[in-house]
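Counting convention: from 1, in listed order, for ligands and their atoms alike. If you're wondering where the values come from, they're calculated on a predicted model, not measured in any experiment.
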Amino acid sequence: MSKFTVLNHPLIQHKLTIMRSAATGTRNFRQAANEIAKLMVYEITRDLPLKDVQIETPMGKTTQKVLSGKKLAVIPILRAGLGMVDGVLELIPAAKVGHIGMYRDEKTLKPHEYFVKMPSDIDQRELIIVDPMLATGGSANMAIEALKKRGAKHMRLVVLVAAPEGVKKVQAEHPDVDIYAAALDECLTDNGYIFPGLGDAGDRLFGTK
Ligand SMILES: O=P(O)(O)OC[C@H]1O[C@H](OP(=O)(O)OP(=O)(O)O)[C@H](O)[C@@H]1O
Ligand SMILES: O=c1cc[nH]c(=O)[nH]1
Ligand SMILES: [Mg+2]
């Protein structure tokens, strides 16, 4: 079974409350999404491998640490996942970005894939899949499947708000994919929205309601 971790740093909780509030407009919603993504990536990259390098400071020679060059890629699930990409890239500016487009049918809640464009070497990269919402888990599962079909081997899923139903579904179908969330909410509503959640993340990020 994969790990499910809630990253509840006080700054993350504070910014998530801003996102949840119906009074928050597009600009502040978008800013908070990127800031939380950045804080979450800071937390989940604690285990990145380091290697020794010889450098020279103005005072003389020394051996110090740098990242060992593990290759990373950020994979936003469109549209709403785009709202987290800039935050991640602020900390990992050299990461490649692969896009996967999915929309959820409003009536059936079934996900539909409409776009996939990945870096050619995703089989050799550690993938960080980002999407603000993990509701039924259908979209995340289909995205992970699409990545595995293209050779991806190592990936983690980073979401802002998760519903228990979605966590259970991804863990059941993809026990190799660890999940990180800023919050685990109570439940899904009858029409498949997370409660208390933050509403429709894509619409709030892009002002399309
Ligand atoms: O866990 P699920 O039940 O599949 O729901 C979660 C999905 O729904 C939202 O996307 P949406 O379909 O609204 O597309 P959008 O990002 O274009 O708004 C969200 O960003 C997730 O991708
Ligand atoms: O609460 C939800 C569930 C799915 N997608 C969203 O944007 N919000
Ligand atoms: Mg949406």
Side-chain angles (χ1 to χ4, degrees), residues 2 4 6 15-26 28-37 40 74-88 97-118 127-148 152 155-175 177-209:
S2 67
F4 172 67
V6 176
K15 290 170 194 296
L16 188 58
T17 300
I18 292 172
M19 292 187 73
R20 289 184 189 277
S21 169
T24 299
T26 303
N28 290 335
F29 187 90
R30 199 181 279 156
Q31 183 178 339
N34 274 309
E35 287 176 354
I36 298 173
M40 292 182 81
V74 193
I75 316 291
I77 301 180
L78 310 184
R79 287 174 302 163
L82 287 174
M84 298 170 71
V85 172
D86 288 349
V88 177
V97 181
H99 296 84
I100 179 156
M102 314 270 296
Y103 73 89
R104 197 172 73 140
D105 183 292
E106 280 177 19
K107 289 208 176 69
T108 64
L109 302 181
K110 295 265 175 300
H112 295 272
E113 182 185 300
Y114 61 84
F115 184 75
V116 183
K117 184 75 183 173
M118 290 297 141
L127 308 182
I128 302 175
I129 306 166
V130 293
D131 190 334
M133 310 307 278
L134 178 61
T136 65
S139 303
N141 268 352
M142 193 177 259
I144 294 167
E145 255 168 62
L147 293 169
K148 286 184 174 172
M155 62 197 105
R156 318 173 193 203
L157 174 64
V158 179
V159 302
L160 302 186
V161 184
E165 293 88 335
V167 174
K168 228 165 116 181
K169 190 152 155 175
V170 174
Q171 284 184 319
E173 282 190 35
H174 299 287
V177 179
D178 289 339
I179 308 168
Y180 300 87
L184 177 64
D185 274 11
E186 286 171 34
C187 57
L188 289 179
T189 62
D190 290 344
N191 55 359
Y193 275 78
I194 301 177
F195 182 83
L198 47 74
D200 189 301
D203 283 342
R204 295 195 66 190
L205 274 166
F206 299 110
T208 46
K209 203 151 61 165

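Side-chain contact between P196 and E186 is present, with heavy atoms from C-beta onward closer than 4.5 Å. Contact check for I100 versus M118: side-chain heavy atoms found under the 4.5 Å cut-off. The closest side-chain heavy-atom distance from L82 to H99 is below 4.5 Å. Two residues are said to be in side-chain contact when any heavy atoms from C-beta on lie closer than 4.5 Å; R20 and D185 meet this criterion.
Nearest protein neighbour of atom 2 (C) of ligand 2, counting heavy atoms only, is Y193 CD2, 3.4 Å. R104 NH2, 3.5 Å is the protein heavy atom nearest to atom 4 (C) of ligand 2. For atom 13 (O) of ligand 1, the closest non-hydrogen atom on the protein side is D200 OD2, 4.0 Å. For atom 8 (N) of ligand 2, the nearest non-hydrogen atom of the protein is G199 O, 2.8 Å.
Checking side-chain atoms of R79 against main-chain N and O of L205 turns up no donor-acceptor pair under 3.5 Å. In this structure a side-chain-to-backbone donor-acceptor pair under 3.5 Å is present from R204 to L198. A donor-acceptor pair is defined here as one N or O able to donate and one able to accept, closer than 3.5 Å; no such pair exists between the side chain of R156 and the backbone of I179.
If you number the atoms of ligand 1 from 1 as listed, the ones under 4.0 Å from a heavy atom of R79 come out as 15 (P), 16 (O), 17 (O), 18 (O). Within the listing of ligand 1, atoms 14 (O) sit less than 4.0 angstrom from a heavy atom of M102. Using a 4.0 Å cut-off to heavy atoms of M133, the atoms of ligand 1 that qualify are 6 (C), 19 (C), 21 (C). Heavy-atom proximity to L78, at under 4.0 Å, picks out these atoms of ligand 1: 16 (O). Annotation for ligand 2: atoms under 4.0 Å from non-hydrogen atoms of A135 are 3 (C), 4 (C). For ligand 1 and Y103, the ligand atoms under 4.0 Å from any heavy atom of the residue are 12 (O).
Of the options V167, D178, V170, a side chain to side chain contact (heavy atoms under 4.5 Å, CB included) to S2 is made by D178 and by none of the others.
Using 4.0 Å as the threshold, G192 has a heavy atom nearer than that to some atom of ligand 2.
No hydrogens or angles considered: nothing links the side chains of R104 and T136 as a donor-acceptor pair under 3.5 Å. Inspection of the T208 and D203 side chains reveals an N or O donor paired with an N or O acceptor under 3.5 Å.
Counting heavy atoms only, A80 comes closest to atom 16 (O) of ligand 1 of the residues A201, G202, A80. Residue nearest to atom 1 (O) of ligand 1, selected from G81, G137, S139, A140: G137 (by heavy-atom distance).
In terms of heavy atoms, G81 sits closest to P132 at N-CD, 3.6 Å.
Annotation: D131 places an N or O atom under 3.5 Å from an N or O atom of ligand 1; distance criterion only. For the pair I194 and ligand 2, the shortest N or O to N or O distance falls below 3.5 Å. Residue-to-ligand polar distances place R104 within reach of ligand 1: an N/O pair is separated by less than 3.5 Å.
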Kindly determine whether Y114 and H112 satisfy side-chain contact (heavy atoms from CB on, under 4.5 Å), including the steps that lead there. CA-CA 6 Å; Y114 61 84; H112 295 272; 6.0 Å; no
One pair to check against side-chain contact (heavy atoms from CB on, under 4.5 Å): I194 and L188. What are the steps and the verdict? CA-CA 5 Å; I194 301 177; L188 289 179; 3.9 Å; yes
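Among heteroatoms of the N, O or S kind in D200, OD1 lies nearest the Mg ion (ligand 3).
At a threshold of 2.8 Å, the Mg ion (ligand 3) has no backbone or side-chain N, O or S atom of D203 nearer than that distance.
Proximity of L109 to ligand 1, defined as any heavy-atom pair under 4.0 Å, is not found for any part of the residue. Contacts between A201 and ligand 2, counted as non-hydrogen atom pairs separated by less than 4.0 Å, involve both the backbone and the side chain. Residue contacts with ligand 1 for T136 involve both N, CA, C or O and side-chain atoms from C-beta outward (heavy atoms, distance under 4.0 Å).
At least one protein heavy atom sits closer than 4.0 Å to atom 19 (C) of ligand 1.
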